[in-house]
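The figures here come from the full heavy-atom set of this structure, side chains too, leaving out hydrogens, waters and symmetry mates.
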Amino acid sequence: MPRLSEVIAALDELWPAERAESWDAVGTVVGDPDQEVTRVLFAVDPVQEIVDEAVELDADLLVTHHPLYLRGTTTVAASTFKGRVVHTLIKNDIALHVAHTNADTADPGVSDALAGALDLRVVRPLVPDPTDPEGRRGLGRVCELDHPLTVRELAERAAARLPATAQGVRVAGDPDAPVRTVAVSGGSGDSLFDHVRAAGVDAFLTADLRHHPVSEARAHSPLALLDAAHWATEWPWCELAAAQLDEVSDRHGWGLRVHVSKTVTDPWTAHAASVTTRPGSASRVPDPSDTSGAPN
């Protein structure tokens, strides 16, 4: 069985820490470099529910996309929820490793996985990494559809292909407008509107879109915007990353057992759809939508 240090070295080759943003907190958070690793769990969030799943699975290593301590801390006391995560990991000999913005810009990376989930053909990065002479790394992806869809049909595809969440997929723009080219960016993407407009695409699918940036973006151009849940746009990367580690394990003869968590850690738990009425009038609220979880 490989030691943790060997597995981490392989992960660092896939997602080098030096390619993370300067504000980010990536790399190994907890773990003994000399401990053996036989089972690995991938997940988006390093929250207690996921750590408990790793314990139940008897995993030796948990790899998450989101950092545990992004802004630093002065305590890991178990009385804090993040401190409890650390205590649970250490007590159960489970290492924690984070690949965040270094996985966002990787080739393949988070947005490649998102495009793959939607059957989009990746053409190029949305924001190319200037240090990549081949022009394949970078933030977001510019994609093409095999055949045109309407905005409504693209949103329906996203809602069907991405893990189910309370939010689903919101749309800003004409639902019947044709879409041939799409920009995608896993996670929060409303800081990328200038790049999306420059790419000349018909639609942009991302997460965490806010009122004012969307209103301004719509005023600038007819670009259609599709807003999915943050967690849902990044979960496909877990499957991609697990497959990458599986390939490394096979190449080295490690025999790792690699798993992907299907636990929904999106913080939103229910959604009540509005009924079309005039502002201020009484309306009936339908039952919350089904949020059964990630695909099997």
Nearest-0.5 Å distance that lies between atom [atom1] in [X] and atom [atom2] in [Y]:
X	Y	atom1	atom2	value
Asp202	Thr181	CG	OG1	3.5 Å
Ser79	Arg84	OG	CZ	11.5 Å
Leu4	Asp34	CG	CG	9.0 Å
Ile8	Glu13	CD1	CD	12.0 Å
Glu53	Ser261	CD	OG	3.5 Å
Glu56	Asn92	CD	CG	11.0 Å

For [X] against [Y], the heavy-atom pair lying closest together:
X	Y	answer
Pro125	Gly135	CD-O, 3.2 Å
Ala199	Arg124	O-NH2, 3.8 Å
Val122	Ala115	CG2-CB, 3.7 Å
Ala242	Val260	CB-CG2, 3.6 Å
Leu126	Leu192	CD2-CD1, 4.0 Å
Thr150	Val179	C-CG2, 4.2 Å

Please tell me if the side chains of [X] and [Y] come closer than 4.5 Å, counting only heavy atoms from C-beta onward.
X	Y	answer
Pro33	Arg3	no
Leu205	Leu114	yes
Tyr69	Lys82	yes
Trp231	Trp268	no
Pro222	Asp174	no
Phe42	Val258	yes
Asp60	Glu36	no
Leu61	His97	yes

Between [X] and [Y], is there a donor-acceptor pair closer than 3.5 Å when you use the side chain of the first and the backbone of the second?
X	Y	value
Ser249	Leu245	no
Thr233	Ala207	no
Asn102	Trp15	yes
Arg152	Leu149	no
Thr206	Ser185	yes
Arg39	Leu57	yes
Thr105	Leu139	no
Asp104	Val110	no
Asp250	Glu247	no
Glu216	Pro213	no

Got a sec, which residues hit side chain to side chain contact (heavy atoms under 4.5 Å, CB included) with Ala54, two or more places apart in sequence or on another chain? Leu41, Ala59, Ile94

All side chain to side chain contact (heavy atoms under 4.5 Å, CB included) counterparts of Arg170, not counting sequence neighbours: Gln167, Asp227

Is Arg157 salt-bridged to Glu153, going by a charged N under 4.0 Å from an acidic O? no

Cationic N near anionic O, under 4.0 Å, Asp112 to Arg141: yes

Evaluate Glu49 against Thr263 for side chain to side chain donor-acceptor pair (under 3.5 Å), listing each step before the verdict. CA-CA 8 Å; Glu49 191 174 8; Thr263 301; 5.1 Å; no

Hydrophobic clustering (ILVMFWY, side-chain heavy atoms < 4.5 Å, transitive) - are [Y] and [X] grouped together?
X	Y	value
Val123	Leu223	no
Ile50	Trp235	no
Val63	Val7	yes
Val86	Val47	yes
Val142	Phe193	yes

Stepwise side-chain contact (heavy atoms from CB on, under 4.5 Å) check, Val98 with Leu68: CA-CA 8 Å; Val98 173; Leu68 178 63; 5.6 Å; no

State whether the number of non-hydrogen atoms from other residues, nucleotides or ligands found under 6.0 Å of [X] atom [atom1] is greater than 12.
X	atom1	value
Arg218	CZ	yes
Arg210	CZ	no
Asp146	CG	no

Classify the ring geometry between His65 and Trp237 as parallel (under 30°), tilted (30 to 60°) or perpendicular (over 60°). tilted

Give me the ring orientation class for His252 and Trp254: parallel if the planes are under 30° apart, tilted from 30 to 60°, perpendicular past 60°. parallel

Testing the 3.5 Å rule here: is there a donor-acceptor pair between the side chains of Thr165 and Asp266? no

Let me see the working for Leu154 and Leu226 under side-chain contact (heavy atoms from CB on, under 4.5 Å), right down to the final yes or no. CA-CA 9 Å; Leu154 179 60; Leu226 288 80; 3.9 Å; yes

Is there a side-chain contact (heavy atoms from CB on, under 4.5 Å) between His66 and Val44 once you walk through the steps? CA-CA 6 Å; His66 289 154; Val44 175; 3.5 Å; yes

Tell me, with the steps shown, if Arg137 and Thr131 meet side chain to side chain donor-acceptor pair (under 3.5 Å). CA-CA 9 Å; Arg137 294 196 309 267; Thr131 68; 3.2 Å; yes

